[in-house]
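Single-structure report; data block below.
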Amino acid sequence: MNPSKREFYFSDIGEHKIVRAPMDCSESPTQLFRVHFATGIALDESSQILYWTEFLLRVIRAYDIEASRAFQLSISRPSVYLSRPFGLTMLGDYLYFTDWHSGCVSSITKTGGTVKNVSCYHDHKIHGITHVSKQCQKPQGFGQCNCEHPKICLLSSTDKRSFACACPTGFTSVNGKCKLPDNDFVLVASVYGIKAMSLGGKSNWMARLPIPPQRNVIDVDYDTKDGRVFWADREEQKIMSAQLDGTQMQTLLTHDPDRIVCRLCKPSGIAYDWKQRKLYFTDSESGEICYIGVDGGVKGKVNRVLNGLTQPRAIVVSPDQSRLYFTEWKIPKIWSLSIPQDSVQELVKDNLTLPSALAVGSKAYQLYYGDGKQHYLALYNTQSHITTPMAKTTTIFGLDEYNGYIYWTELATGVFRMPLRGGDIQKLASTSDVFKARGIKVYSRNKQQ
């Protein structure tokens with residue numbers, strides 16, 4: 001960060017450059033200068049000199065911002081102390097850096113000279129480093145920041161003593177509110193949060209919903225009437241809800257070991273009935289399938305007619321048919337359950353190992369499913385009871401269908417879509433974009449009419 005110039009800097013190791021950008025993101029980032037493989041970066045604000053570590057070249061270099069001049073720090077015995085410099089920070093007159101190879105934290109004056117080891121952790125590969133100083137982050141002469149969530153408070157690039165309010169990445173400001181770019185988009189559960197992304201056509205964008213970091217989001221669903229998103233956190237043993245912009249977050253259900261039923265031990269899948277305004281969920285530890293009313297109060301168990309169900313996983317609801325579909329992992333099967341009568345029907349049991357994903361098609365007789373161990377995606381006809389293979393996958397987990405396409409997630413590879421009539425598989429996001437993609441839903445008002 002460079003508050004005096006209202007800009008910040010970062011290194012791009014893929015493009016081999018140091019980039020500058022205004023703090024309020026009012027302009028696109030621009031290249032400051034070329035580098036080789038910069039892994040750590042630090043700024044001396046008083047002298048306006050930018051330092052960075054060259055991981056592969058084993059040197060520390062500097063750039064005088066005012067003079068637009070780069071130079072290399074002169075260091076005694078660099079072969080000893082700079083085997084693989086990685087992280088970098090500055091405090092006072094000293095630079096502190098980590099060495100990925102030696103496992104040491106070392107210091108050197110900002111003018112160069114002799115390196116001193118501060119501490120070493122030889123059994124670890126240490127990476128980033130920073131310092132904590134109240135003085136460095138003490139506001140001086142700034143006004144009050146009045147941005148409302150989810151807008152972010154940024155230093156203005158025009159008014160030197162004020163802030164600018166900006167929407168999170170991927171959102172746009174419409175009439176003072178942060179909105180996602182499209183009316184129809186993909187929602188993906190991604191362990192620590194929820195990602196939204198374009199459907200894969202001409203539009204190409206991605207955003208992280210501005211909710212607090214989660215511990216293990218397993219599945220996601222939504223309600224277009226209220227503009228809300230639902231998710232289940234398997235580690236926290238909670239089912240949560242919030243507006244798409246992250247506001248009005250609430251807990252719908254938490255783990256309670258004293259409840260006779262629906263204790264919510266290990267939620268594994270959720271499915272929303274927008275007609276009855278009920279959210280159904282599977283619990284792979286208790287073996288239960290339950291529901292809760294999204295308006296509060298109502299909850300109950302729906303699989304009391306099933307004996308021996310031990311590990312239900314994927315679940316999807318068809319409000320038009322008043323029917324639930326779900327998978328069982330321990331004894332691999334796909335079931336159909338009418339609601340509220342609770343009559344149950346076994347649909348698929350052959351050639352199943354780990355039925356992980358389910359989706360109801362646009363036609364009443366279409367049921368899509370994926371096997372996470374046999375690595376395939378298939379279409380099951382509930383009238384003719386014929387299964388039609390569709391595509392080879394890896395560890396498929398989530399599944400949805402919309403507007404002539406089937407969308408799915410794979411734990412180790414990302415998010416995909418394919419035309420229902422056949423054709424090339426398109427990769428919408430990789431694991432670097434969406435870490436361990438789990439449940440997936442296409443958000444569309446047309447699907448909840």
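In what follows, every heavy atom counts, from backbone to side chain, and hydrogens, waters and symmetry copies are set aside. Here, residue 1 is the first one in the sequence, and each next residue gets the next number. Please read all numbers here as calculations on a predicted model, not as lab measurements.
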When you check the side-chain N and O atoms of Gln374 and Thr353, is any donor under 3.5 Å from an acceptor? yes
Please answer whether the main-chain N or O of Leu347 pairs with a side-chain N or O of Tyr325 as donor and acceptor at a distance below 3.5 Å. no
To the closest 0.5 Å, what do you measure between NZ (Lys278) and CG (Asp295)? 11.5 Å
Assess the residue pair Cys153 and Cys165 against the criterion (disulfide bond (SG atoms under 2.5 Å apart)); give the C-alpha distance rounded to whole Å, side-chain angles, the decisive distance to 0.1 Å, and a yes or no. CA-CA 5 Å; Cys153 220; Cys165 297; 5.4 Å; no
Flag, side chain of Glu27 to backbone of Ala21, donor-acceptor distance under 3.5 Å: no
Would Val344 and Trp335 count as a side chain to side chain contact (heavy atoms under 4.5 Å, CB included) if you check the C-alpha gap in whole Å, the side-chain angles of each, and the deciding distance to 0.1 Å? CA-CA 7 Å; Val344 66; Trp335 300 84; 3.5 Å; yes
Do the non-hydrogen side-chain atoms of Ile194 and Ile211 ever get within less than 4.5 Å of each other? yes
Which is it for Ser444 and Tyr402 under the side-chain hydrogen bond (donor to acceptor under 3.5 Å, both in side chains) test, yes or no, and what are the steps along the way? CA-CA 9 Å; Ser444 172; Tyr402 178 66; 3.1 Å; yes
Decide if atom CG of Asn183 counts as having more than 12 heavy atoms of other residues, nucleotides or ligands within a radius under 6.0 Å. no
Do any N or O atoms from the side chain of Tyr407 and from the backbone of Leu199 form a donor-acceptor pair under 3.5 angstrom? yes
Which pair of non-hydrogen atoms, one from Lys151 and one from Ser173, has the smallest distance, and what is that distance? NZ-OG, 3.6 Å
Interatomic distance, CG@Leu253 vs CD1@Ile270, rounded to 0.5 Å, equals 11.5 Å
How would you list all residue pairs meeting side-chain hydrogen bond (donor to acceptor under 3.5 Å, both in side chains) that involve residues 426-439, not counting sequence neighbours? Asn216-Arg438, Arg417-Gln426, Ser430-Ser432, Ser430-Asp433
Taking atom types as modelled, is there a side-chain donor on Arg323 or Ser336 under 3.5 Å from an acceptor on the other? yes
Going by atom types alone, do Ser284 and Arg234 pair a side-chain donor with an acceptor below 3.5 Å? yes
Side chain Ser286, main chain Cys265, donor-acceptor under 3.5 Å: no
Asp223 bridged to Arg277 by N-O distance under 4.0 Å: yes
Taking the six-membered ring for Trp, are Tyr291 and Tyr280 parallel (under 30°), tilted (30 to 60°) or perpendicular (over 60°)? tilted
Side-chain donor-acceptor pair under 3.5 Å between Asn2 and Tyr9, yes or no? yes
Is the gap between the SG atoms of Cys104 and Cys120 under 2.5 Å? yes
Backbone of Pro355 reached by a side-chain donor or acceptor of Trp329 within 3.5 Å: yes
Do Ser268 and Thr282 have side-chain atoms, one donor and one acceptor, less than 3.5 Å apart? no
Does the side chain to side chain contact (heavy atoms under 4.5 Å, CB included) test come out yes or no for Leu187 and Phe185, once each step is laid out? CA-CA 7 Å; Leu187 289 171; Phe185 49 87; 3.8 Å; yes
Identify the two heavy atoms, one from Ala271 and one from Val316, that lie closest to each other, and give their separation to 0.1 Å. CB-CA, 3.8 Å
Nearest 0.5 Å, what's the CZ-CG distance between Phe8 and Leu154? 8.5 Å
Counting only heavy atoms not in His149 (residues, nucleotides, ligands), do more than 12 fall under 6.0 Å from its NE2? yes
Qualifying residue, where the test is side chain to side chain donor-acceptor pair (under 3.5 Å) with Ser241 and the options are Gln250, Gln248, Arg228: Arg228
Can you tell me if His16 uses its side chain to pair, donor with acceptor, with the backbone of His36 under 3.5 Å? yes
Taking Lys447 first and then Asp400, would you say they form a salt bridge - that is, a charged N and a carboxylate O separated by under 4.0 Å? yes
Determine whether Leu209 and Val229 satisfy the following criterion, side chain to side chain contact (heavy atoms under 4.5 Å, CB included), listing intermediate values before the conclusion. CA-CA 10 Å; Leu209 298 194; Val229 61; 4.0 Å; yes
Going by an N to O cut-off under 4.0 Å, is there a salt bridge joining Arg215 and Glu235? yes
Hey, is the main chain of Gly40 close enough, under 3.5 Å, to the side chain of Thr53 for a donor-acceptor pair? yes
When rounded to the nearest 0.5 angstrom, what is the spacing between OG in Ser322 and CG in Leu337? 11.5 Å
Whether the side chain of Gln448 engages the backbone of Arg445 through a donor-acceptor N/O pair (distance < 3.5 Å, no angle test) should be reported. no
Determine whether a donor-acceptor pair (N or O, by modelled atom type, separation under 3.5 Å) exists between the side chain of Gln243 and the backbone of Asp226. yes
Report the C-alpha distance between Glu410 and Thr395 in whole Å, list the side-chain angles of each, state the deciding distance to 0.1 Å, and finish with yes or no for side-chain hydrogen bond (donor to acceptor under 3.5 Å, both in side chains). CA-CA 5 Å; Glu410 297 178 9; Thr395 311; over 6 Å; no
Check the angle between the aromatic planes of Phe435 and Tyr192 and answer parallel, tilted or perpendicular using the 30° and 60° thresholds. parallel
Between the side chains of Asp24 and Ser26, is a donor N or O closer than 3.5 angstrom to an acceptor N or O? yes
Any donor-acceptor pair under 3.5 Å linking the side-chain atoms of Tyr96 with those of Ser106? no
Does some side-chain heavy atom of Trp408 sit less than 4.5 Å from a side-chain heavy atom of Leu377? yes
Write out all pairs satisfying ring-ring contact (aromatic ring centres under 6.0 Å, His included) with one or both partners inside residues 234-275, taking only residues at least two apart or from two chains. Phe230-Tyr272
Polar side chain donor-acceptor pair, Gln214 to Trp231, under 3.5 angstrom: yes
Assign the ring pair His127 / Phe86 to parallel, tilted or perpendicular, where the plane angle (0 to 90°) is split at 30° and 60°. perpendicular
Quick one: list whatever passes disulfide (SG to SG under 2.5 Å) with Cys262, sequence neighbours left out. Cys290
Is Arg313 salt-bridged to Glu328, going by a charged N under 4.0 Å from an acidic O? no
If you count the non-hydrogen atoms of other residues, nucleotides and ligands that lie under 6.0 Å from NZ in Lys349, is the total more than 12? no
Can you tell me how far CD of Gln449 sits from NZ of Lys225, rounded to the nearest 0.5 angstrom? 13.5 Å
Neighbour count >12 (heavy atoms, 6.0 Å) for atom CH2, Trp205: yes
Interatomic distance, CG@Asp371 vs OG1@Thr327, rounded to 0.5 Å, equals 9.5 Å
With no hydrogens and no angle check, do the side chains of Ser83 and Ser102 hold a donor and an acceptor under 3.5 Å apart? no
Main-chain N/O of Lys266 paired to Asp283 side chain as donor or acceptor, under 3.5 Å: yes
Flag the pair Val188 / Met197 as yes when at least one side-chain heavy-atom distance between them is below 4.5 Å, and no otherwise. yes
Decide whether His131 and Thr89 meet the rule of one side-chain donor and one side-chain acceptor closer than 3.5 Å. yes
Determine, stepwise, if the pair Asp184 / Asp182 fulfils side chain to side chain contact (heavy atoms under 4.5 Å, CB included). CA-CA 5 Å; Asp184 298 345; Asp182 299 327; 5.6 Å; no
